[in-house]
Amino acid sequence: MSEKVMSEKEINELIILAKKGDNKAWESLTLEYTDYIKRLARKKLDNLNLSSRKEIEKDLFQVGWMGFADAVKRYTPGGASLKTYAWYDINGRMNKQLDFVLNPLGIPREVRQEDTDKNIERHYLDGDDEILLDEKSSKEFCERYYADEESSDDFSLEVQEQPGNYSPERVTLQMLETLKIMTDDEHKVSTEEFRRLLRLYRTARHKNSGELKGDRTINKNLAEIISELNPSVYSDDNSSKYRIKYDGYKENYLSDKLKMRKDNPLVIDPNSAPTLSGLSYVHLFDNKELDELIEIICLTDILSEDEKNTLVNKVIGTASVHYSTPFSDGEHMLFNPRSIHGRFCGRDDGDRGKLSDNLRLIQEAINNLGKISFRFNRYTEEHEMVPASHHIHRLSPYHLVVYHDNYYCIGLKDGDSRIWHYRVDLMSDIQIIRNDEGEIIPINLSDFDGLPIANSSWDPQRYMSEHLNMAYDSPARVFLKIKKNDYTFIHDWFGDNYKKLDKVPDIVEGVQLDISKYDIVEVVTSPSMIVYWALQYAEKVEVLNEDIREKMRKTIRGLDKKYD
């Protein structure tokens, strides 16, 4: 399929129409630029010999499409052409995706010398603040990682006979593993202390407490590890890329000292490798991030107890032995997962797995601005989920939100300009809709505040507060009388989407109000659901809108008759 050709005037007219919710204009734009984005994706891979080229090209096209959509949101006709303007977003997204595919470990790239300050003063910092571990604690740390139940009692620092020596490659891996296990930002070691920890590691791991190589070999191996994992020259921009830190790393102390062998410029001269202080491995997550991740895992009601335990242990495994958490003893969770009483805590692993699959599929469709089809279901008296009807729903999904423990997908139905939302756990058989050629069918547009092309600042909190209990009726202004300083329950339900009024509005004039005790608060929300919400909080709130008050009186009379 060849690229479509339109004049700039035609394209600008389509953009204006698309931002107003014109579906045909949006479809014309997608047809115009689809081949262009595909060509950019192919071009990215032209000089790469990849076995999975088609899959990678598909991923590049999808992220490029997202970049194009981002550009259209901000584009204003009259300046550069849309193609020129969008290229930066498309190219940036593709570069990030390609970097992820080709460099999944996040290995830092070399820093160009011209990008650094050549006049920076470089000097060695003394490691006065380094933390040395005593032998007993080091032994315990090693046992925690490597001594199994049968051999832990036999742990010994006495020399044991071991024929031969480890290969240089294996020694390097042992040193790196020791750094990972024994050090972190708050527990730094000198080279001398590192030698002792390495010996302890070997004792715990292999029952080999034999003597190590000389200082020159240890220094050289450390220098090789650091040179491989860290950027070659420090700068403020690449400080987060360092995997191993030492005293003086910001001043490039190590690289300034190192020299290559004359007979092999790729090999470090052992005599040039200096002794380092303040050595520490930079772990994937710092302690605060670890705490937050573990709390999130423990407090979610989507995962089973076994899944939580497995994930928590994996997260802890990324840290040094010095990290501890009140949620786990390193083997078992100390937090009782059954104390989480969310919507999904009573469901089996299959239901939770289906919910995760649904969320993933919907988010993939949202990322690619594509439609989905699905069935909507209900529960029976036998506790089984069955289709509510035989109808297959078609939706242009825009957002995923969480409302009182339930996930909802918000979007547009085919042939309906209203906004709809569906509980994700009640959706099944979700598919991203594609045409006969396997291409994703683009979403429909509508001129509402959440239009993804026209307005990237759509506020999901506001939408949920305006649709109390996710009701479908049109939001209206509702005036509430509450006690002063009694705003917590208002915030729980409406977030920041409420305001205190300075005077009584005309609509509620005549209401008796002691301003020393009460405030009037305005919210915009569902008129039907506010009736039941106000009954729930009858002791705390009074609705002032007369039409809603009448609905409440009618509801109360009905309840009185029902329970008389």
Side-chain angles (χ1 to χ4, degrees), residues 21 342-344 355 358-359 362-363 365-366 371-372 374 376-379 388 391 393-427 430 443-452 454-480 482 487-500 507 521-538 540-545 547-552 555:
R343 297 283 184 180
F344 305 103
L355 174 62
N358 286 355
L359 292 170
I362 294 170
Q363 188 60 55
I366 292 172
K371 292 183 182 181
I372 61 172
F374 62 93
F376 196 67
N377 302 281
R378 61 178 178 83
Y379 277 93
H391 179 66
H393 298 262
R394 292 168 63 94
L395 188 76
S396 296
Y398 288 151
H399 303 280
L400 284 169
V401 299
V402 181
Y403 187 86
H404 291 270
D405 297 330
N406 275 321
Y407 293 82
Y408 289 85
C409 176
I410 299 175
L412 285 175
K413 288 175 62 174
D414 277 6
D416 193 330
S417 60
R418 294 176 298 169
I419 306 304
W420 288 78
H421 48 255
Y422 293 88
R423 264 180 55 178
V424 176
D425 61 300
L426 296 180
M427 299 166 67
I430 300 176
I443 60 173
N444 293 335
L445 304 182
S446 178
D447 55 347
F448 72 105
D449 289 343
L451 181 65
N455 185 355
S456 59
S457 60
W458 184 81
D459 185 356
Q461 294 296 331
R462 177 183 166 190
Y463 179 88
M464 289 186 283
S465 71
E466 291 180 349
H467 295 79
L468 192 63
N469 286 327
M470 298 308 275
Y472 275 114
D473 54 340
S474 298
R477 297 172 68 197
V478 179
F479 303 98
L480 307 172
I482 66 171
Y487 282 87
T488 301
F489 79 104
I490 296 290
H491 189 274
D492 288 344
W493 284 89
F494 301 101
D496 294 330
N497 300 293
Y498 65 87
K499 61 181 180 181
K500 175 188 171 183
I507 191 173
V521 174
E522 178 185 342
V523 298
V524 177
T525 193
S526 161
S528 63
M529 285 296 117
I530 199 71
V531 172
Y532 306 102
W533 178 87
L535 290 174
Q536 178 183 354
Y537 292 100
K540 288 177 169 287
V541 67
E542 179 182 350
V543 178
L544 302 180
N545 304 59
D547 57 335
I548 298 177
R549 291 168 72 92
E550 178 56 34
K551 291 179 182 177
M552 294 184 66
T555 301

Taking Tyr408's backbone N and O only, do any of them form a donor-acceptor pair with Asp425's side chain (distance below 3.5 Å, no angle check)?
no

Indicate the atoms forming the closest heavy-atom contact of Val543 with Ile548, along with that distance.
CG1-CG2, 3.7 Å

Do Glu522 and Lys500 sit within salt-bridge range, that is, some charged N less than 4.0 Å from a carboxylate O?
no

Of the non-hydrogen atoms in Pro475 and Val524, which two are nearest, and what is the gap between them?
CB-CG1, 3.7 Å

Is it the case that the ring center of Trp493 lies less than 6.0 angstrom away from the ring center of Tyr498?
no

Nearest heavy atoms of Ile443 and Tyr398, plus distance in Å
CD1-CE2, 3.2 Å

Taking C-beta and beyond as the side chain, do Met427 and Ile372 meet within less than 4.5 Å on heavy atoms?
yes

Within-4.5 Å side-chain heavy-atom neighbours: Ser526 and His467
no

For a quick test of reading the model, state the closest non-hydrogen atom pair linking Leu395 to Cys409 and the distance between them.
CD2-SG, 3.8 Å

Please state whether the rings of Tyr422 and Phe376 are parallel, tilted or perpendicular, taking 30° and 60° as the class boundaries.
perpendicular

Would you please say whether a donor-acceptor pair under 3.5 Å links the side chains of Asp414 and Asn444?
yes

Return the set of residues passing side chain to side chain donor-acceptor pair (under 3.5 Å) with His421 (not counting sequence neighbours), or none when no residue passes.
Tyr463

Asn377 (side chain) donor-acceptor with Ala388 (main chain) under 3.5 angstrom
no

List the residues meeting side chain to side chain donor-acceptor pair (under 3.5 Å) with Asp492, not counting sequence neighbours, and say none if there are none.
none

So do the side chains of Phe374 and Asn358 get within less than 4.5 Å of each other, counting heavy atoms only?
no

Is the closest basic N to carboxylate O distance between Asp496 and Arg462 below 4.0 Å?
no

Do Glu542 and Arg549 come close enough that some side-chain heavy atom pair is under 4.5 Å?
yes

What is the minimum heavy-atom distance between Asn469 and Tyr403, and which atoms define it?
N-OH, 2.8 Å

Is there side-chain contact between Arg477 and Thr525, with heavy atoms separated by less than 4.5 Å?
no

Say whether, by atom type as modelled, one donor and one acceptor occur between the side chain of Asn406 and the main chain of Arg423 under 3.5 angstrom.
no

Non-neighbouring partners of Phe489 that pass ring-ring contact (aromatic ring centres under 6.0 Å, His included), sequence neighbours left out:
Trp533, Tyr537

